[in-house]
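Okay, so here's the structure we're looking at.
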Amino acid sequence: MSINVPVPPEGGAALAAEPAPSPLTDRFGRVISYLRLSVTDRCDMRCVYCMSENMNFLPKRDLLTLEELDRLCTAFISRGIKKLRITGGEPLVRRDIMRLFEGLSRHLKTAALAELTLTTNGSQLARYAKRLAAAGVRRINISLDTLDPEKYRAITRTGNHASTLEGIDAAQEAGLAVKLNMVALKRLNEDEIVPMIEWAHGRGADLSLIEVMPLGAIETARADQYVPLSAIKARLSERFTLREVDYRTGGPARYVRIEETGGRLGFITPLTHNFCESCNRVRVTCTGKLYMCLGQEDCADLRAPLRASPTDELLHQALDAAIARKPKGHDFVIDRAKGNRPAVSRHMSVTGG
Ligand code: SAM
Ligand code: SF4
């Protein structure tokens, strides 16, 4: 198929394409409407479940430029992507990243894109929250696994709890709806889930709990980190009244409302209950690799077709071929026998969350 996205003069960002006739639909009939774009694999933290202490990062020369990232997003939007999440690594440590947000906001103005959002560890938000809001970001996911500054340092290895809390304040002051992400970690923060619910809901933020996934080699056996959220939910329902709600944000979380706090609690359960049958997502790394599933190794290179031609025809051909291969689902398993062998070799910081 052929879709020509106008190429801007002087290597600037491409203009928004006309809505394309063919949305990205896989062989199981799932329509792809959600792109997660990792703009860097680097990070100012080293969370114990995400990275190993000594990581080898991609050489900077391999990264797509901001202009290329914009062109790639624009091509996806022309094929029906409605929700775009910028992630990493830590997206806000990429130099000049606000230029990407500010450029992409034109697609919000034309309504070609319904939502531009990001996942961040919060460390840089005090600096950027207002500019993100001005670029049209309305909701933001911020990772926070504990309310205890010392534990925060132990989990993130290099993070500063006070800076992250300042970032959360700044996001809320800028008018962004905040959802906190908390990875449930055996013995590390299980006992903090109730205080975290009360803290988040007390300040008008949603909270999502996440099951740890076996992505990338780390120092610890995954079985020593993993807590099934089914068990946590059962424990929570002894203490709170949990009402299932239809609220959806386009992602994998399933929500309940807690009557006692009035707030929403999400459960992201790739292991105990996977939702692959309704998966509407794909992921692109900062070097232009398209992963059709977070839990599989198969990927397609988009950088070569992007660079091979100033028009997007080759890119769209590569997209069609890749989406046709989107697998039915992941096959994550965490058990003792696997030790710390990951299900896939990539760390979460490469494809982002
Ligand atoms: N640096 C940003 C952050 O931490 O929010 C964005 C990237 S981070 C990879 C995205 C999300 O993935 C975070 O909420 C993080 O807690 C989560 N995450 C990282 N590694 C994970 C793993 N192995 N299993 C489950 N969630 C993970
Ligand atoms: Fe960095 Fe986010 Fe991974 Fe933590 S979870 S190491 S903050 S990318």
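FYI, the numbering just counts along the sequence from 1. Atoms within each ligand, like the ligands themselves, are counted from 1 in listed order.
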| task | Answer yes when E173 and K130 have at least one side-chain N-carboxylate O distance shorter than 4.0 Å, and no when they do not. | result | no

| request: State whether the number of non-hydrogen atoms from other residues, nucleotides or ligands found under 6.0 Å of K289 atom NZ is greater than 12. | output: no

| Tell me, do L35 and K83 make a side-chain contact under 4.5 Å, heavy atoms counted? | no

| task | Could you tell me which residues satisfy ring pair (Phe, Tyr, Trp, His ring centres under 6.0 Å) with H161, sequence neighbours excluded, listed by chain and number? | result | Y152

| field | Pair R138 + E115: basic N to acidic O under 4.0 Å | value | no

| field | E102 bridged to R131 by N-O distance under 4.0 Å | value | yes

| field | Sub-2.8 Å protein N, O or S atoms surrounding atom 3 (Fe) of ligand 2 | value | C50 SG

| task | Find the distance between SG (C73) and CG (L104) and round it off to the nearest 0.5 Å. | result | 5.0 Å

| message | At less than 4.0 angstrom from any atom of ligand 1, which residues have a non-hydrogen atom? List them by chain and residue number. | response | Y49, C50, T87, G88, G89, E90, T119, T120, N121, S143, N181, V183, I210, E211, V212, M213, R222, M348, G353

Which pairs of donor and acceptor atoms, one on a side chain in residues 117-128, lie under 3.5 Å apart (sequence neighbours left out)?
{"residue": "T117", "atom": "OG1", "partner": "R139", "partner atom": "O", "Å": "2.6"}
{"residue": "T119", "atom": "OG1", "partner": "R85", "partner atom": "NH1", "Å": "3.1"}
{"residue": "T119", "atom": "OG1", "partner": "G353", "partner atom": "O", "Å": "3.0"}
{"residue": "T120", "atom": "OG1", "partner": "E90", "partner atom": "OE1", "Å": "3.4"}
{"residue": "T120", "atom": "OG1", "partner": "E90", "partner atom": "OE2", "Å": "2.8"}
{"residue": "T120", "atom": "OG1", "partner": "G122", "partner atom": "N", "Å": "2.9"}
{"residue": "N121", "atom": "OD1", "partner": "S123", "partner atom": "N", "Å": "2.9"}
{"residue": "N121", "atom": "OD1", "partner": "S123", "partner atom": "OG", "Å": "3.0"}
{"residue": "N121", "atom": "ND2", "partner": "D44", "partner atom": "OD1", "Å": "2.9"}
{"residue": "N121", "atom": "ND2", "partner": "E90", "partner atom": "OE1", "Å": "3.4"}
{"residue": "S123", "atom": "OG", "partner": "D44", "partner atom": "OD2", "Å": "2.5"}
{"residue": "Q124", "atom": "OE1", "partner": "R127", "partner atom": "NH1", "Å": "3.0"}
{"residue": "Q124", "atom": "NE2", "partner": "D44", "partner atom": "OD2", "Å": "3.2"}

| query | Which of these passes salt bridge (Lys or Arg N to Asp or Glu O under 4.0 Å) with D206: K179, R257, R264? | reply | R264

